[in-house]
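The chains referred to below are lettered A, B, ... by the order of the sequence lines, with proteins before strands, and numbering in each begins at 1.
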There are 2 protein chains.
Amino acid sequence: MDDAPQSDALVDATAAAIRARIMSGDIPIGAQLRQAELAKTLGVSRTPVREALRQLQTGGLIEVVPHRGAVVRVPAPWDVRETYEVRAELEGLACERAVPRITRDGLDDLRKANEALRPGAIRPDGSSTVANDSFHTLIHGIAGNERLARVIKEINEAFPRNVSALVLQDNPRHREDNFAEHERIITALAADDAETARREMQAHVISAGEQLARWYERRSATVFRG
Amino acid sequence: MDDAPQSDALVDATAAAIRARIMSGDIPIGAQLRQAELAKTLGVSRTPVREALRQLQTGGLIEVVPHRGAVVRVPAPWDVRETYEVRAELEGLACERAVPRITRDGLDDLRKANEALRPGAIRPDGSSTVANDSFHTLIHGIAGNERLARVIKEINEAFPRNVSALVLQDNPRHREDNFAEHERIITALAADDAETARREMQAHVISAGEQLARWYERRSATVFRG
DNA sequence: CATCATTTTGTTGGATCCAAAAGTAGCGTA
DNA sequence: TACGCTACTTTTGGATCCAACAAAATGATG
């Protein structure tokens, strides 16, 4: 089950490569994306790069202005908040749907995924991001609605991942909150309490969005000063 | 605020043209889309057609298999149901958000939009589709969350519009239900009752999705027989 | 007569080429 | 010295060309 159903190998690989470099912060926010440069770096022609850029553009990760080129999109804080309100709603739905469908094994998987996020646990760099992702992805899988999973995935791809990681890793308090919120969600799922599960998940996502929005606020402030 | 932020004029226009022809049923479901043919028809080169097709592909309206070309996607009934469950959630959120934001003028606009859908009113062909759309679009505008509006728009673009129109126009009963459901939504909005507004809108979308899914079920059945 | 291999045709995918547009720098004039 | 105009450079957008791949048709063989 691919996100882009199926198409050419090259342009999808190219898009994935560019997206990865943006997500990882290798290409910073606001940076210009020159087609020729990308083509040379990735060892392909300009054609697949162009189509990859278009694909990323429809995803909202980059912006393309007619004859000036593509830049990595700099999201405004209100945009982050709006997006996370939508995402909260959808994640809440996924969580609610997961309640009647979850098994003991599923609960175990979730607990294990969250255990990797326990504050104070030793972990290699960047692993918290994937662990965090996998927690949500597990729930999407249990929810059993492919379209829902896909829409959430698309929404997530609108913002560079490394920023979320930064937000999480910078502040130990955030790590603790994140872990505790996940635990509450697991508890509600285990208790077969759909209402609570949804509410907890919504609150969790909203809070994550708020932290992210604040990060962008601080960032734009410093940028304006500098 | 365009759906595709901004980019080349030609490829967006091309994508819009192709999408319009699919949505209107001019290009039927399951039809093959030959790039050269489209290019000739639209009076452009194959390049913008290719990129337009890729754009439509990420939207999910068409499917592209590596060396065999693009076809208009034939949605499975379960896919329709899944999609409409997601859409119901989001439209419900929009409706809830609209409650504290709606004005008397906004209510009037909604009433007027629904009046165009009154069963028994005389209307030219196809106008019911746009009237139906405008009812929802109005609410999205009032809800005041651009990302939400955009996500719903993208979801809607996953299925040809003419099918929804068919579903609506075929059965007078559906027209009546549709009208009544809209009225209930307006009533809840006017009563400042967020809970009910959300619930009514959700039920409305779910019901529309069910009708659409049934239509596709009947269609696939006849196709298999034929 | 059926089945498999081979050839042929049609269509897409990728690369290169050419044109158009915008930004920039340099020069000239007020 | 400052402002404006022009020419140049850079980069994207569109068209055309060539190769790869898949399907269909045709012929040969069991």
Side-chain angles (χ1 to χ4, degrees), chain A residues 2-22 26-74, chain B residues 2-22 26-74:
Chain A
D2 302 325
D3 54 338
Q6 75 252 61
S7 76
D8 332 68
L10 233 194
V11 39
D12 274 348
T14 307
I18 298 174
R19 173 180 289 134
R21 295 187 55 185
I22 293 175
D26 189 7
I27 300 177
I29 313 175
Q32 291 236 3
L33 299 167
R34 269 173 288 273
Q35 296 182 352
E37 188 182 330
L38 287 171
K40 211 180 87 177
T41 304
L42 301 173
V44 295
S45 168
R46 250 188 61 208
T47 310
V49 172
R50 265 167 68 177
E51 302 187 21
L53 287 180
R54 189 160 307 283
Q55 207 162 328
L56 296 179
Q57 180 218 358
T58 65
L61 187 61
I62 67 174
E63 273 179 16
V64 179
V65 293
H67 275 270
R68 271 194 280 174
V71 295
V72 182
R73 188 162 149 272
V74 184
Chain B
D2 303 321
D3 53 339
Q6 76 251 60
S7 75
D8 331 70
L10 234 191
V11 37
D12 275 348
T14 307
I18 298 174
R19 174 181 288 135
R21 294 187 56 183
I22 294 175
D26 189 7
I27 300 176
I29 312 176
Q32 292 235 4
L33 298 169
R34 268 173 288 274
Q35 298 181 352
E37 188 182 332
L38 287 172
K40 212 181 86 176
T41 305
L42 300 174
V44 294
S45 169
R46 246 188 65 206
T47 311
V49 171
R50 267 167 66 178
E51 302 186 21
L53 287 180
R54 189 160 305 282
Q55 206 162 329
L56 296 178
Q57 180 218 358
T58 65
L61 186 61
I62 67 174
E63 272 178 17
V64 178
V65 293
H67 277 272
R68 270 193 282 177
V71 295
V72 182
R73 188 161 148 271
V74 185

| query | To the nearest Å, how far apart are B/Q55 CD and D/dG13 P? | reply | 12 Å
Taking only nitrogen or oxygen atoms into account, show me every contact under 3.5 Å that the protein makes with nucleotides 20-23 of chain C, one pair per line with its distance.
from: C/dG23; atom 1: OP1; to: A/R68; atom 2: NE; distance (Å): 3.4

| When you look at A/L56 and A/L33, which way does the side chain to side chain contact (heavy atoms under 4.5 Å, CB included) test go after all the steps? | CA-CA 12 Å; A/L56 296 179; A/L33 299 167; 5.8 Å; no
| Can you find a heavy atom in the side chain of B/I62 that is under 4.5 Å from one in the side chain of B/I22? | yes
| How is A/L33 classified with respect to the nucleic acid when contacts are heavy atoms under 4.0 Å: base, sugar-phosphate, or nothing? | sugar-phosphate
| Would you say D/dG13 has OP1 or OP2 under 4.0 Å from some side-chain N or O of A/Q35? | yes
| request: Please report the shortest heavy-atom distance between A/A70 and A/V64, naming the atom on each side. | output: CB-CG2, 3.9 Å
| query | What is the distance from atom CD1 of A/I27 to atom CZ of A/R21, rounded to the nearest 0.5 Å? | reply | 4.5 Å
| In whole angstroms, how far is the P atom of C/dG14 from the CZ atom of A/R54? | 15 Å
| message | Applying side-chain hydrogen bond (donor to acceptor under 3.5 Å, both in side chains), can you list everything that pairs with A/R34, at least two apart in sequence or on another chain? | response | A/E37
| What closest approach, in Å, do B/I18 and B/A52 show between heavy atoms, and which atom pair accounts for it? | CD1-CB, 4.3 Å
Within the sub-3.5 Å range, which N or O atoms of nucleotides 6-8 of chain C have a protein N or O partner, and how far apart are they?
none

| message | Going by the rule side-chain contact (heavy atoms from CB on, under 4.5 Å), which residues pair with A/L10 if we only count those two or more places apart in sequence or in a different chain? | response | A/T14, A/V44, A/P48
| request: With sequence neighbours excluded, tell me which residues meet side-chain hydrogen bond (donor to acceptor under 3.5 Å, both in side chains) with A/Q32. | output: none
| message | In this structure, how many angstroms lie between the P atom of C/dT11 and the CG atom of B/L38, rounded? | response | 12 Å
Below 3.5 Å is the cut-off: list the nitrogen or oxygen pairs between protein and nucleotides 15-17 of chain C, distance only.
from: C/dA15; atom 1: OP2; to: A/S45; atom 2: N; distance (Å): 3.0
from: C/dA15; atom 1: N7; to: A/T47; atom 2: OG1; distance (Å): 2.8

| In whole Å, what is the span from the CD atom of A/Q57 to the C1' atom of D/dT12? | 13 Å
| query | Can you pull the side-chain hydrogen bond (donor to acceptor under 3.5 Å, both in side chains) pairs that have at least one residue in residues 42-51 of chain A, sequence neighbours excluded? | reply | A/Q35-A/R46, A/R50-B/E51, A/E51-B/R50, A/E51-B/R54
| query | Could you state the CD-P distance from A/E51 to D/dT12, rounded to the nearest angstrom? | reply | 15 Å
| task | Round to a whole Å and report the spacing from CD of B/Q32 to P of C/dG10. | result | 15 Å
| remark: On a heavy-atom basis, the closest approach of B/A17 and B/L42 is CB-CD2, 4.0 Å
